[in-house]
Chemist: 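Provided herewith is a single structure, encoded as structure tokens, for subsequent inquiry.
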Number of protein chains: 2
Amino acid sequence: MGSAEPPVADGELQFIQHSAARTRVLDAALELFAVHGVSGTSLQMIADTVGITKAAVYHQFRTKNNVVLAVTERELGRLAPALQEAEAHGDESHARDALLVRVIEMAVRDRRLVRTLQFDPVVVRLLAEHEPFQRFMERMYRVLLGETGVDGRIQGAMLSGAISSAVMHPLVGDVDDDTLRAKLTDITRRLLDLPGDRR
Amino acid sequence: MGSAEPPVADGELQFIQHSAARTRVLDAALELFAVHGVSGTSLQMIADTVGITKAAVYHQFRTKNNVVLAVTERELGRLAPALQEAEAHGDESHARDALLVRVIEMAVRDRRLVRTLQFDPVVVRLLAEHEPFQRFMERMYRVLLGETGVDGRIQGAMLSGAISSAVMHPLVGDVDDDTLRAKLTDITRRLLDLPGDRR
DNA sequence: GTCTATATTATGATAGAC
DNA sequence: GTCTATCATAATATAGAC
């Protein structure tokens with residue numbers, strides 16, 4: 001591992017502070033990923049967006065894959081504090097609700113990024129292959145769903161997709177953030193209460 | 001428009017019969033798109049999977065984009081009969097339910113393809129840019145949602161994502177088709193009834 | 001319908017100067 | 001931290017023979 005690059009996705013996911021230059025690259029990459037997908041985004045496009053050359057990007061990240069990793073890690077890591085708070089919370093039901101609110105908040109605010117983080121094939125493979133990501137998502141679902149039988153897992157899958165889709169779907173492109181957040185929170189809460197009133 | 005290629009996505013979406021050679025290409029393309037995404041899939045990969053050369057693929061489709069178009073058109077077109085039936089149905093509520101069942105059926109059966117058709121950036125752009133696709137999706141949502149205020153659109157966005165996600169999420173990878181279809185139908189019906197019992 | 005061969009451009013990646 | 005220059009490879013696409 002080179003001296004320029006921080007450890008990538010080993011240990012627990014957390015907030016990671018990047019240098020200004022790296023942050024510019026990651027911001028540009030994320031924005032481009034959202035529009036063209038990861039595979040449809042070249043390092044040249046990223047470099048052009050930042051206003052530097054490819055070589056300068058390679059000074060910050062050894063491979064394109066490391067850019068994808070860093071982006072995914074950074075964005076997922078933004079949920080880490082909310083997750084930790086929820087896990088520390090005494091009341092299970094309140095913890096779930098609090099985390100849900102934070103997840104919806106982030107999804108609504110960063111609508112454009114949701115498709116990339118949840119559905120891009122490259123990111124999906126990353127999430128499946130790297131243990132820290134898996135562990136993080138497991139913790140998320142443990143809080144959001146409680147114990148996970150078949151019903152709970154189907155429910156969780158639907159929930160995650162419903163939230164994602166609700167913020168990125170063309171149907172709701174013109175709905176403002178506040179309205180969307182409110183409706184989404186409301187419907188999601190009811191969805192979680194559906195099968196047998198599990199509260 | 002060349003003599004070898006059929007009209008692509010003008011007029012209404014419908015079942016389209018392709019030649020055996022074209023069908024082989026489209027099948028391979030769809031399978032590869034599902035794994036690597038559209039941008040992550042090259043014509044070389046498609047050719048290799050079919051067992052022919054790139055040139056042979058180009059004999060069937062003038063550009064890669066036309067392959068993507070044809071794939072999208074073919075798969076979406078498979079819902080056309082169900083949509084027409086539903087539109088012809090007298091009772092609005094029964095029509096909605098019948099279409100829903102067909103959509104879920106197809107989503108569950110072709111789990112691997114859902115991510116591509118619903119979320120791949122290239123396909124999403126296609127759907128947004130080509131009128132026939134837009135018109136088709138409008139008709140789908142008209143039947144599934146009835147009149148479309150803000151609430152209905154948010155609900156529709158959630159519904160589409162919830163179904164998609166429920167069939168493609170790692171959480172439900174080991175759930176068999178029958179179980180998944182049953183639970184999904186059940187939860188979806190309840191989701192549609194949620195805000196103010198709109199039946 | 002499929003092939004070989006080729007043109008053109010873009011891609012991920014590296015070396016070394018400033 | 002950024003640059004110019006370069007490399008090897010892979011991409012989309014075409015021409016023309018069988």
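Excluded from the calculations below are hydrogen atoms, water molecules and symmetry mates; all remaining heavy atoms, backbone and side chain alike, are included. We name chains A, B, ... by the order of the sequence lines, and we start the count at 1 in each one.
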Chemist: Does a salt bridge link B:R139 with B:E12, judged by any charged N lying under 4.0 Å from a carboxylate O?
Modeler: yes
Chemist: Please tell me if A:S19 has a side-chain N or O lying less than 4.0 Å from either OP1 or OP2 of D:dG1.
Modeler: yes
Chemist: Do A:Q155 and A:D151 have side-chain atoms, one donor and one acceptor, less than 3.5 Å apart?
Modeler: no
Chemist: How would you label the contact of B:T53 with the nucleic acid (heavy atoms, under 4.0 Å): base, sugar-phosphate, or nothing?
Modeler: base
Chemist: Let's see if you can work this out: which of D:dC3, C:dT4, D:dA13 has an atom nearest to the side-chain heavy atoms of B:A55?
Modeler: C:dT4
Chemist: Do A:L184 and A:V108 make a side-chain contact, defined as non-hydrogen atoms from C-beta onward lying under 4.5 Å apart?
Modeler: yes
Chemist: Report the distance from atom CG of B:N65 to atom P of D:dT12, rounded to the nearest whole Å.
Modeler: 11 Å
Chemist: Which whole-number value in Å describes the distance from A:K54 NZ to D:dT9 C1'?
Modeler: 12 Å
Chemist: Using a cut-off of strictly less than 4.0 Å, decide whether B:S42 has a side-chain nitrogen or oxygen near OP1 or OP2 of D:dA11.
Modeler: yes
Chemist: In whole Å, I'd like the distance from the CZ atom of A:F61 to the P atom of D:dG1.
Modeler: 11 Å
Chemist: Whole-Å distance between D:dA13 C1' and B:Y58 OH?
Modeler: 5 Å
Chemist: Between B:Q44 and D:dA11, is there a contact of a side-chain N or O with OP1 or OP2 at under 4.0 Å?
Modeler: no
Chemist: To the nearest Å, how far apart are B:K64 NZ and D:dA10 C1'?
Modeler: 12 Å
Chemist: Between B:R24 and C:dT2, does any side-chain N or O lie under 4.0 Å from OP1 or OP2?
Modeler: yes
Chemist: Starting at atom CD1 of A:I52, determine the distance to atom C1' of D:dC3, rounded to an integer number of angstrom.
Modeler: 11 Å
Chemist: Would a line drawn from the ring center of A:Y141 to the ring center of B:H169 be shorter than 6.0 Å?
Modeler: yes
Chemist: With a 4.5 Å limit on heavy-atom distance, are the side chains of B:L30 and B:L26 in contact?
Modeler: no
Chemist: Can you check the B:D48 CG to C:dC3 P distance for me, whole Å?
Modeler: 11 Å
Chemist: Distance check needed: C:dA17 C1' versus A:H59 NE2, whole Å only.
Modeler: 14 Å
Chemist: Which nucleotide in the set D:dA13, D:dG1, C:dA13 lies at the smallest distance from any side-chain heavy atom of A:L43?
Modeler: C:dA13
